[in-house]
A.B. asks: 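Dumping the structure here so I can ask a few things about it.
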Number of protein chains: 2
Amino acid sequence: MEIEGAFGLVLKERRQAVGLSQLELANRSGLDRTFISMLERGQRRPTLNTIFSLAKELGVSPSGFVKEVEKYIAKNE
Amino acid sequence: MEIEGAFGLVLKERRQAVGLSQLELANRSGLDRTFISMLERGQRRPTLNTIFSLAKELGVSPSGFVKEVEKYIAKNE
DNA sequence: TTGTAGACTAACGTCGACA
DNA sequence: CTGTCGACGTTAGTCTACA
């Protein structure tokens, strides 16, 4: 499984778990809503700074976030 | 401390610990040597995919790599 | 609420050359 | 071995708008 695809799924999963809409997450993280939409669909690759911004609002550490991505990739080899 | 600065220092530290030159790391990771130079100096922000490529050659998981960055930032607040 | 489209700016990442 | 420079193509990330 490709990295950006796994990242998108983990992002969507965590965002919904926290109960935020894409718009709310966008406003809080200082990112654009349409960009978050593309991230969730695996159409964009986030920089490290973007990962930090998103993780903060999702109540997880950046490394914890990345770890979930790794697991997702490993699970779907 | 800024994210990219911390990332650069951790990258340099781990690369030297593994005993690779920037050129060797570049060749193995499929990235450009001058880009790695800029990363180490905190002048570029890596994407998630770049982090995965580098971590693989440095013998650490991507999340472990990011965790070191977090620690570095926390230590120097 | 989310996806998509287009147009845009800034930055990522490559490459060759030289100190 | 590493930093830097300039030039370049590609993509991250913004913004407005509409279904």
Side-chain angles (χ1 to χ4, degrees), chain A residues 1-63 65-66 68-70 72-73, chain B residues 1-63 65-66 68-70 72-73:
Chain A
M1 173 162 216
E2 66 202 338
I3 297 171
E4 57 269 30
F7 178 87
L9 292 172
V10 171
L11 171 58
K12 182 170 189 174
E13 183 173 287
R14 282 214 64 90
R15 175 179 62 78
Q16 293 178 334
V18 177
L20 292 177
S21 67
Q22 290 182 349
L23 179 57
E24 289 169 330
L25 177 57
N27 290 337
R28 298 186 189 196
S29 61
L31 294 169
D32 193 79
R33 183 189 68 77
T34 66
F35 181 53
I36 291 179
S37 173
M38 300 188 85
L39 280 176
E40 288 190 357
R41 302 175 56 81
Q43 297 179 353
R44 286 288 187 276
R45 301 172 177 182
T47 60
L48 181 58
N49 292 57
T50 297
I51 294 170
F52 268 69
S53 298
L54 290 172
K56 184 177 181 182
E57 302 305 322
L58 294 177
V60 63
S61 67
S63 59
F65 198 106
V66 173
E68 287 188 46
V69 176
E70 289 172 31
Y72 216 106
I73 294 175
Chain B
M1 173 161 215
E2 66 202 341
I3 298 170
E4 57 268 31
F7 178 87
L9 293 173
V10 171
L11 171 57
K12 182 170 189 175
E13 183 174 285
R14 281 214 64 89
R15 175 180 62 78
Q16 293 179 333
V18 177
L20 291 176
S21 68
Q22 290 182 350
L23 180 57
E24 289 170 331
L25 177 57
N27 290 336
R28 298 186 188 196
S29 62
L31 295 170
D32 192 78
R33 183 190 67 79
T34 66
F35 181 53
I36 290 180
S37 172
M38 300 188 85
L39 281 176
E40 289 190 355
R41 301 176 55 81
Q43 297 179 354
R44 284 290 188 275
R45 300 172 177 184
T47 60
L48 181 58
N49 292 59
T50 296
I51 295 169
F52 268 69
S53 299
L54 290 172
K56 184 177 181 182
E57 303 304 324
L58 294 177
V60 62
S61 66
S63 59
F65 197 106
V66 173
E68 287 187 46
V69 176
E70 289 171 32
Y72 216 106
I73 294 174

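For the numbers below, each heavy atom of this structure counts, side chains included, while hydrogens, waters and symmetry mates do not. Nothing here was measured: the structure is a model prediction, and the numbers come from that model. Sequence lines set the chain letters: A, B, ... in the order given, protein chains first and strands last, and positions in each chain run from 1.
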A.B. asks: Mind calculating the distance between CG (A/Asp32) and P (D/dT16) to the nearest angstrom?
C.D. replies: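 Atom CG in A/Asp32 sits about 9 Å away from atom P in D/dT16.
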A.B. asks: Give a yes-or-no answer on whether the side chains of B/Asn49 and B/Thr47 include a donor-acceptor pair shorter than 3.5 Å.
C.D. replies: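 The answer is no; no qualifying pair exists.
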A.B. asks: Pick the nucleotide of DNA chain D nearest each of A/Leu48 and B/Leu20; which residue has the one closer to the 5' end?
C.D. replies: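 Checking each residue's closest nucleotide, the 5'-ward one belongs to B/Leu20.
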A.B. asks: In whole angstrom, give the distance that lies between atom CZ of A/Arg33 and atom C1' of D/dT16.
C.D. replies: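 Whole-Å distance recorded here is 11 Å.
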A.B. asks: Which value, rounded to the nearest 0.5 Å, describes the distance between A/Leu48 atom CG and B/Arg44 atom CZ?
C.D. replies: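 The distance works out to 15.0 Å.
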A.B. asks: Establish, with yes or no, whether the OP1 or OP2 oxygen of D/dT2 is under 4.0 angstrom from a side-chain nitrogen or oxygen of B/Ser37.
C.D. replies: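 False: B/Ser37 side-chain N/O out of range (4.0 Å or more) of D/dT2 OP1/OP2.
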A.B. asks: Roughly, in whole Å, what's the span from CD in A/Gln43 to C1' in D/dG13?
C.D. replies: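 In whole Å, D/dG13 C1' lies 14 Å from A/Gln43 CD.
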A.B. asks: Distance check needed: D/dG3 C1' versus B/Phe35 CZ, whole Å only.
C.D. replies: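 Taking CZ of B/Phe35 and C1' of D/dG3, I get 15 Å after rounding.
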A.B. asks: List the steps, then state whether side-chain hydrogen bond (donor to acceptor under 3.5 Å, both in side chains) holds for A/Ser63 with B/Glu70.
C.D. replies: CA-CA 8 Å; A/Ser63 59; B/Glu70 289 171 32; 2.8 Å; yes
A.B. asks: Given D/dA12, is OP1 or OP2 found less than 4.0 Å from the side-chain N or O atoms of B/Arg44?
C.D. replies: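 Checking D/dA12 against B/Arg44, no side-chain N or O comes under 4.0 Å of OP1 or OP2.
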A.B. asks: Quick check on the helix from C/dT2-D/dA19 to C/dA19-D/dT2: what's the angle between its two end axes, five base pairs per end, to the nearest 10°?
C.D. replies: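 Here the local axes at opposite ends form an angle of 50°.
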A.B. asks: Rounded to whole angstrom units, what separation is found between the CD1 atom of B/Ile36 and the P atom of D/dC1?
C.D. replies: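 Result: 13 Å.
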A.B. asks: First locate atom CG of B/Leu23, then atom OG1 of B/Thr34, and finally report the distance between them rounded to the nearest 0.5 Å.
C.D. replies: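 Those atoms lie 11.0 Å apart.
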A.B. asks: Can you tell me how far the CG atom of B/Leu58 sits from the CZ atom of B/Arg28, to the nearest 0.5 Å?
C.D. replies: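 Atom-to-atom, B/Leu58:CG and B/Arg28:CZ are 10.0 Å apart.
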A.B. asks: Can you confirm whether the side chains of B/Thr50 and B/Ser53 place a donor and an acceptor under 3.5 Å from each other?
C.D. replies: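 No, B/Ser53 and B/Thr50 have no side-chain donor paired with an acceptor closer than 3.5 Å.
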A.B. asks: Looking at B/Phe7 versus B/Tyr72, is the centre-to-centre ring distance below 6.0 Å?
C.D. replies: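 Judged by ring-centre distance (under 6.0 Å), B/Phe7 and B/Tyr72 do not meet the cut-off.
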A.B. asks: Below 4.0 Å from chain A heavy atoms, what is the first contacting nucleotide of DNA chain C and what is the last?
C.D. replies: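 Contact boundaries, 5' end first: C/dT2 to C/dA5.
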A.B. asks: As a test of understanding, state which of A/Glu4, A/Glu40, A/Met1 forms a side-chain contact (heavy atoms from CB on, under 4.5 Å) with A/Leu9.
C.D. replies: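 Of the listed residues A/Glu4, A/Glu40, A/Met1, the side-chain contact (heavy atoms from CB on, under 4.5 Å) partner of A/Leu9 is A/Met1.
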A.B. asks: To the nearest 0.5 angstrom, please state how far the OG atom of A/Ser21 sits from the CZ atom of A/Arg15.
C.D. replies: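 That separation rounds to 7.0 Å.
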A.B. asks: Within this structure, what is the CZ-to-C1' distance between B/Arg45 and D/dT10, rounded to whole angstrom?
C.D. replies: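 Going from CZ in B/Arg45 over to C1' in D/dT10 covers 18 Å.
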A.B. asks: Between D/dT16 atom P and A/Leu23 atom CG, what is the distance in whole Å?
C.D. replies: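 So the two atoms are 13 Å apart, to the nearest Å.
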A.B. asks: Of A/Thr50 and B/Lys12, whose closest DNA chain D nucleotide lies nearer the 5' terminus?
C.D. replies: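 This one resolves to B/Lys12.
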